[in-house]
Structure formats: C-alpha cells, structure tokens
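Comments concern the structure below.
Reminder, nothing fancy here: chain letters follow the sequence lines and each chain counts from 1. Keep in mind the model is a prediction, meaning the values are calculated, not measured.
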There are 2 protein chains.
Amino acid sequence: MPSADRRLQPRRKPRQVRAELTRERILTAAAHVFTEYGYAAGTTNRIAERARISIGSLYQYFPNKDAILAQLLIRHIDRGTWTEADRLDLSPGTLRETVQALVRDAIDSHSEDPQLLRIMIEEAPLSRDLLEAVDRHGRIRTAQIRDLLSRHPDVRVGDVGTAADLILFTIEMNTHKLMAAPSAVPVETFAGELVDMVTRYLRGD
Amino acid sequence: MPSADRRLQPRRKPRQVRAELTRERILTAAAHVFTEYGYAAGTTNRIAERARISIGSLYQYFPNKDAILAQLLIRHIDRGTWTEADRLDLSPGTLRETVQALVRDAIDSHSEDPQLLRIMIEEAPLSRDLLEAVDRHGRIRTAQIRDLLSRHPDVRVGDVGTAADLILFTIEMNTHKLMAAPSAVPVETFAGELVDMVTRYLRGD
DNA sequence: AGAATAGCTGAGCTATTGCTCACAATAGTG
DNA sequence: CACTATTGTGAGCAATAGCTCAGCTATTCT
C-alpha cells in the first residue's frame with residue numbers, strides 16, 4: 001500500500017494497555033453514537049463524552065472524525081463478516097443450497113448492527129483509499145462467485161461475470177433493506193423468495 | 001393534508017413573474033450544487049451564489065435548506081417520473097414484455113439526474129411528511145404491481161404481495177446502481193439479465 | 001526515588017454554516 | 001408622479017463543529 005491516506009492514520013500508537021483500552025472505548029462509543037445520531041450529528045465531542053474520555057484523547061488516536069468511521073468499516077470488512085463466503089468453494093451442493101448459503105451469509109453480516117452498517121455505507125464520506133479497499137473487496141467476492149458459478153453444472157446463464165455482479169448486488173441490497181427496516185413480511189418468507197428468484201435465474205429456466 | 005409541515009412551506013408566495021423566475025433559479029441552482037457537492041457540503045450560500053441571487057432572496061422562498069431538497073424531491077415524484085408505470089395496466093402483453101417495461105421505466109426515471117436522485121434518496125434528512133409522501137407513493141406502486149401480477153396468467157408465485165415488493169425493489173436498486181456508476185458491462189446487457197432474472201422468478205420455473 | 005516517557009484533560013480557537021434583518025430597488029396602481 | 005406592495009440585497013449574527021495545545025497525571029525505566 002504505497003498511497004495509504006495519511007489523514008486516516010492514527011497520530012500515536014498505543015504502547016500501554018490502558019491506551020489500547022481507550023482506543024477501544026472510542027471505537028465502541030463511536031459505533032453507538034453514529035448508530036444513534038447518524039454520521040453528521042454524531043459529533044466527536046459526543047463520542048468522547050460517551051466514551052468517558054476527553055476530546056483531546058480522542059484526537060490522539062484518530063486524526064479526524066472520518067478516520068473513526070473508516071476504522072469501524074475496515075474492522076467490519078477484516079472481521080470477515082463479508083468474507084465468510086469462502087467456504088462456499090468447498091461445499092458445492094445443490095444450486096439452491098449454494099444460493100441459500102449466500103443469502104444466509106448476507107443476513108448474518110447485517111444482523112450485527114444494521115443501523116451502523118447503513119450509516120457506514122450510505123452516509124460516510126468515504127475516502128479514496130477506503131473506497132478502493134471496499135471496491136477491492138467487492139471485486140474479490142465477485143471473482144469468487146464467478147468461479148463458483150462457472151464451475152457449477154446447473155448454472156446456465158449468458159455471461160457468468162454479469163450474473164455474479166447481478167446476484168451479489170441483488171442479494172446484498174435486499175438483505176440490507178430486510179434488516180434495516182423490518183417489514184410486515186417475515187424475514188424467512190422474504191429470504192425464501194429471494195433465494196427462489198436468484199436460483200431460477202441461474203438455472204436459466 | 002392537515003399536518004403539512006410548516007417548516008417546509010415557503011414564507012412568501014411569488015406574485016410577480018420575476019419572483020417565480022427567482023424561485024426557479026434557486027431550484028435549478030440547488031439541483032446543480034447538491035449534485036456537485038452533496039447535501040451537507042451544498043451550502044445555501046453556494047446555492048444562492050450559483051443562482052446569482054442574494055442569500056436573502058433564497059430565504060424568502062424557502063424557509064430552510066431542507067425545504068429546497070424537499071421541493072426537488074416532490075417535483076421528481078409529481079413529474080410522474082416514478083409513476084409512469086400506470087400504462088402497464090392497460091397493456092398486458094407477454095410477462096417478459098411487462099417486466100421489460102418496468103425496467104425501462106426505472107432506467108428512464110434515473111437517467112435524468114442519477115447523482116441528484118442518489119443524494120435525495122441517500123443523503124437527504126427527509127422530514128416525517130416527506131418520508132410519508134415517498135412511502136405512500138411506494139405503496140401505491142406496489143399495489144399496482146401486485147394487481148398486475150395477480151391478473152397475469154403466467155405469474156406463478158407464492159405470495160403476490162411479497163413478489164411485488166421483491167421485484168420492485170430489485171429493479172429499482174439495480175437500475176440505480178447501473179445509472180449512478182457506469183460499469184464495464186454495457187447497460188443493455190445488464191438490463192437484459194435483470195429482466196431475465198425477474199421474469200424467470202415470476203414464471204415460477 | 002527521580003527522571004523520562006506515555007497518556008489524558010478540557011477550555012477555547014478557528015472556521016463554517018444556516019439564517020436574519022434593516023434597507024434598497026423594482027413593479028404595479030391611480 | 002406619488003404611493004404601496006413586492007422583490008432583492010448582503011453584512012453579519014448565533015450556533016455549532018472539528019480540532020489544538022499547554023499543562024497535568026499515570027506508568028515505566030534506571
């Protein structure tokens with residue numbers, strides 16, 4: 001990474017345990033505050049207040065507000081919440097089962113803190129670097145799914161790349177909606193229909 | 001409408017032509033500024049500057065910043081850009097043709113100013129009233145599609161309501177993505193796959 | 001223990017933004 | 001032209017936000 005954005009790097013590295021703890025408190029508080037107030041109204045002072053540390057301490061570990069949210073997003077990605085689909089490669093199974101696993105992963109990824117995820121995705125002023133990281137992650141996932149699709153005997157679809165894009169995005173967005181604002185329809189029902197749609201599409205009639 | 005939000009109503013009604021013109025300039029400028037800078041960074045002063053009117057004039061026709069974006073959204077809805085699907089009821093045709101029409105409408109609705117639409121949808125701090133208006137509009141559309149689906153002989157799907165929700169949202173979001181950030185895949189190809197997916201789903205195998 | 005290092009504090013600086021208001025300019029009216 | 005109603009102006013106010021820094025406390029080192 002030659003072009004790591006300086007404005008997202010911490011200005012001081014924690015060397016003592018209590019420092020690491022403070023850093024942790026900041027991130028936890030930020031997650032809560034952003035969830036409750038949104039990004040714009042989630043001020044750094046509010047975060048510090050909630051973390052029960054001074055505003056000065058906050059700025060010793062994060063150079064600016066954006067960096068806090070960036071860190072939260074990075075964590076979310078790194079934690080593999082978006083990457084757990086790797087195991088799909090190992091267990092082919094029915095086409096339907098595969099799609100079900102995809103949807104389940106998406107749901108899992110969103111059940112942790114749907115509100116925060118929404119804010120990170122929709123409200124965050126993502127930096128070049130961060131956008132690229134998210135994008136890179138997306139490309140990797142797409143590539144994985146593309147491979148999976150091209151290997152599966154039941155998949156009959158024009159272009160596997162386009163199909164991978166289409167179904168990943170469709171699953172992601174529908175899940176997102178499902179988790180962010182619980183509708184009248186039960187989750188299982190909606191998820192089932194989603195699986196149906198994607199499966200039928202991939203099977204090509 | 002008994003509970004029209006006062007904070008979104010103009011404080012002065014234009015009575016002369018030049019006033020109406022000024023109002024128009026403000027809205028046009030706002031659309032440009034919001035598109036270019038986003039909602040938060042699209043300041044009222046910037047809007048006034050771009051409209052070549054003073055900031056004071058701006059606040060004679062719009063009580064606050066939110067009201068400007070609200071007006072833009074209302075216009076977008078009223079213009080029927082989201083409602084042109086009505087004609088679908090009149091021309092049943094093939095299931096595939098119907099879905100194609102739906103996708104086409106969605107694309108049309110987004111081609112005008114995808115960036116601005118994104119901002120209105122994602123960044124705008126929508127008021128209660130406005131949210132309700134958008135929601136009401138959504139429900140009407142869903143109801144229309146539900147009727148359409150239940151009348152169509154080729155549709156074989158568990159619950160028509162869930163299906164209507166699912167396909168409307170899927171079409172909307174995919175189109176949104178398609179228009180907001182042009183991908184490597186040509187629009188027609190992607191749209192075609194989207195139509196395929198929805199059609200196969202509705203046909204139930 | 002004393003020095004050095006790391007960590008923490010919070011009043012307040014700087015910058016920005018939404019918005020007001022006293023006044024000026026223009027258009028309509030008789 | 002004189003008078004009123006409508007429209008336009010822009011310096012600047014009030015509020016708020018991100019962020020700094022001089023000094024304090026806690027921990028580690030020797």
Item to check | Side-chain N or O of Y61(B) closer than 4.0 Å to phosphate OP1/OP2 of dG8(D) | outcome: yes
Next on the checklist: If I take atom CD in residue Q16(B) and atom C1' in nucleotide dA25(C), what distance separates them, rounded to the nearest angstrom?
Outcome noted: 12 Å
Checklist outcome for this item: Between CD of E20(B) and P of dG8(D) the distance, given in whole Å, is 11 Å
Checklist outcome for this item: Whole-Å distance, N45(A) CG to dT20(D) P, equals 13 Å
Item to check | For atom CZ of R46(A) and atom P of dA17(D), their distance in whole Å | outcome: 6 Å
Checklist entry - At under 4.0 Å, does any side-chain N or O of Y59(B) touch on OP1 or OP2 of dC19(C)? => result yes
Checklist entry - Taking CZ from F62(B) and P from dG8(D), how many angstroms apart are they, rounded to a whole number? => result 12 Å
Item to check | Any residue of residues 48-56 of chain B with a heavy atom less than 4.0 Å from an atom of DNA chain D | outcome: I53(B), S54(B), I55(B), G56(B)
Next on the checklist: Using a 3.5 Å distance criterion without hydrogens, assess whether the side chain of H152(A) forms a donor-acceptor pair with backbone atoms of L148(A).
Outcome noted: no
Checklist entry - Between the side chains of Y201(B) and D196(B), does any donor sit under 3.5 Å from an acceptor? => result no
Item to check | Protein-nucleotide distance (R18(B), atom CZ; dT9(D), atom C1'), rounded to Å | outcome: 12 Å
Item to check | Closest-nucleotide ordering on DNA chain D, the 5'-leading residue of V17(A) and K65(A) | outcome: K65(A)
Next on the checklist: On the nucleotide dG18(D), are OP1 or OP2 found under 4.0 Å from the side-chain N or O atoms that T44(A) carries?
Outcome noted: yes
Item to check | Length of the CD-C1' vector between Q60(A) and dG18(D), whole Å | outcome: 16 Å
Item to check | Pairwise side-chain contact, F34(A) with M120(A), heavy-atom cut-off 4.5 Å (strictly under) | outcome: no
Item to check | Side chain to side chain, V160(A) and I145(A), heavy atoms closer than 4.5 Å | outcome: no
Checklist entry - dG8(D) C1' sits how many Å from R23(B) CZ, rounded? => result 16 Å
Next on the checklist: With a 4.0 Å limit, can you tell me whether T22(B) has a side-chain N or O closer than that to the phosphate oxygens OP1/OP2 of dG8(D)?
Outcome noted: yes
Next on the checklist: For R104(A) and E188(A): C-alpha separation, side-chain torsions, deciding distance, then whether salt bridge (charged side-chain N to carboxylate O under 4.0 Å, His left out) applies.
Outcome noted: CA-CA 10 Å; R104(A) 183 149 298 282; E188(A) 280 76 19; over 6 Å; no
Checklist entry - Below 4.0 angstrom from OP1 or OP2 of dT9(C), is there any side-chain N or O of S57(A)? => result yes
Checklist entry - Where the side chain of E172(A) meets the backbone of F169(A), is there a donor-acceptor pair that is under 3.5 Å apart? => result no
Checklist entry - Is it true that the side chains of T170(B) and N174(A) contain a donor and an acceptor less than 3.5 Å apart? => result yes
